[in-house]
Amino acid sequence: MITRDLLVEILKNVADTIKENKELLTDLDAAIGDADHGINMNKGFKTVSEKLDTVKDKDCGTILKTVAMTLISTVGGASGPLYGTAFLKASMAVNGKMELDNEDIIKMFDEAIKGIVMRGKAQRGEKTMLDALIPAYEALKGSLEKGDDLSEAFIEAADAAKEGVEYTKTIKATKGRASYLGDRSIGHQDPGATSSYLILRTVANTLNQQED
Amino acid sequence: MIGIVVVSHSEKIAQGVVELCSQMGRENIKIEAAGGTGDGRIGTDAMKIMEAIKRADNGDGVLVLVDMGSAVMSTEVALELLDEDLRNKVLIADAPIVEGSIGAVVQASMGSSLEEVKSVAEQSKSMIKVKE
Ligand SMILES: Nc1ncnc2c1ncn2[C@@H]1O[C@H](COP(=O)(O)OP(=O)(O)OP(=O)(O)O)[C@@H](O)[C@H]1O
Ligand SMILES: [Mg+2]
């Protein structure tokens, strides 16, 4: 179960993680893109962190919708409409809820991925954030279905996302800026997959800290 | 009269295309720039695009020209954020922004429909510039 307050804490921690990894994400994007992914993401999540204080007493759907609208209007790169749409679809799946159970979380994650696919028209294997998110979703769902608790399931999700990031090194980009590089994108890890992994790892860490 | 919006990652490119088009002397056409992010970085901003679409519309609809990558995605988000009335009268052209915008402005100034303006903008894709 993720309560509203825990959701806010997770989102604040995500903003901190993005800030700490701003340079890593930008350097990864410098290799195969336009060297702005860390700047874009940090701009977005810094603003999210500030906005959260104004909605932290609202329901989970409203909080996630605020995250979505903030990312859409502040990020600037492809990750803005993509993560923005992801959070918007997730918010719609949990409208009015004050806490999120496992079913809600699976639904949110599924809707978020569908939103990214709808917006970016990419599939798994095109060297994008989806190469981290889809295996993470599958791992999370599988873990919950075999009876693990949520904090354990998010560790499995983050581990799967990490493997997905490694996989992006082996393939060529066919979507986004990096696709202009063609085969020369092989050998580099995708910045968007990396930010997705960092977000999931932060969710896992926050949930596991709760338990100790 | 159809309005035109030019979306680019660069504020200067968007403004430059608008400037170029204004030179065609079609003062009756509303052509709006939506370039860069709200805080002056290179990038695209759905809110900025949405505002530009609202300004460009005078009732008949708006054609949006976009450069690459997130310009398309941010414009699609902008469309989703618009009121349905206006959203139904906005199309995105699959065309290069400079040539496409010039074609669109000329066609729009003749009072053509949104579909006609879009089609002319998209014809610029197959325009041959240099003959071997
Ligand atoms: N069509 C797409 N579908 C899914 N993910 C995508 C797509 N295009 C880009 N991405 C992801 O976005 C990341 C890049 O995000 P970033 O914020 O740097 O945007 P950008 O590529 O600079 O945007 P722009 O299109 O404005 O140049 C990539 O690493 C990739 O994971
Ligand atoms: Mg980039």
Side-chain angles (χ1 to χ4, degrees), chain A residues 22 26 29-30 32-44 46-47 50-51 65 68-89 91-92 115-122 126-130 173-181 191-192, chain B residues 5-15 32-55 62 64-84 86-87 90-98 122 125:
Chain A
K22 179 181 164 188
T26 294
D29 198 25
I32 53 169
D34 53 357
D36 63 4
H37 189 55
I39 299 165
N40 290 346
M41 291 294 284
N42 189 50
K43 177 81 199 181
K46 183 171 180 276
T47 318
E50 291 157 9
K51 285 262 173 72
K65 183 164 184 211
M69 297 311 291
T70 306
L71 294 178
I72 282 168
S73 57
T74 59
V75 169
S79 48
L82 289 165
Y83 281 125
T85 303
F87 276 97
L88 196 61
K89 297 289 175 195
S91 80
M92 285 152 69
I116 291 172
V117 170
M118 176 200 75
R119 184 66 63 222
K121 318 268 184 317
E126 298 203 75
K127 202 182 182 94
T128 71
M129 51 180 70
L130 290 171
T174 48
K175 283 281 179 327
R177 283 273 170 151
S179 63
Y180 289 95
L181 268 78
Chain B
V5 169
V6 181
V7 178
S8 171
H9 279 65
S10 155
E11 188 166 11
K12 285 183 189 158
I13 289 180
Q15 281 168 355
E32 297 285 341
T37 66
D39 59 348
R41 286 172 296 138
I42 295 279
T44 59
D45 177 347
M47 301 301 165
K48 215 175 185 173
I49 298 167
M50 185 180 74
E51 292 309 321
I53 293 172
K54 286 186 191 164
R55 286 198 308 274
V62 176
V64 187
L65 286 106
V66 294
D67 64 7
M68 61 300 164
S70 67
V72 183
M73 295 189 247
S74 291
T75 303
E76 286 172 356
V77 171
L79 292 189
E80 283 167 27
L81 298 175
L82 283 174
D83 288 341
E84 211 182 322
L86 181 50
R87 189 194 315 143
V90 183
L91 291 174
I92 306 175
D94 185 16
I97 56 172
V98 177
E122 291 179 346
K125 268 203 299 189

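Residue numbering restarts at 1 for every chain, and letters A, B, ... go by the order of the sequence lines. Computed over heavy atoms, backbone and side chain alike; hydrogens, waters and symmetry mates excluded. Nothing here was measured: the structure is a model prediction, and the numbers come from that model.
Residue A/R177 touches chain B through its side chain alone, counting heavy-atom pairs closer than 4.5 Å. Contact annotation for A/L88: neither backbone nor side-chain heavy atoms come within less than 4.5 Å of a heavy atom of chain B. When heavy atoms are compared at a cutoff of 4.5 Å, A/N40 approaches chain B by way of both its backbone and its side chain. Heavy atoms of A/S79 lying under 4.5 Å from chain B are absent altogether. Heavy-atom distances place both the backbone and the side chain of B/M73 under 4.5 Å from chain A. Heavy atoms closer than 4.5 Å to chain B are found in the side chain of A/T85, but not in its backbone.
Comparing B/G43, B/A78, B/S70 by heavy-atom pairs within less than 4.5 Å of chain A, the highest count is held by B/S70.
Atom NZ of A/K43 is separated from atom CG of B/D39 by 4.0 Å, given to the nearest 0.5 angstrom. Within the model, atoms CE of B/M50 and CD1 of A/I72 stand 10.5 Å from one another, a figure rounded to the nearest 0.5 Å.
Within 6.0 Å of atom NZ in A/K175, more than 12 heavy atoms from other residues, nucleotides or ligands are found, so the atom counts as buried in its surroundings. By the 6.0 Å contact criterion, NZ on A/K89 is open, its count of non-hydrogen atoms from other residues, nucleotides or ligands being 12 or less. Other residues, nucleotides and ligands contribute over 12 non-hydrogen atoms within 6.0 Å of the NZ atom of A/K121.
Taking every heavy atom of both residues into account, A/V75 and B/R41 meet most closely at O-NH1, 3.1 Å. Considering all non-hydrogen atoms of both residues, A/P81 and B/V77 come closest at CB-CG2, 3.8 Å.
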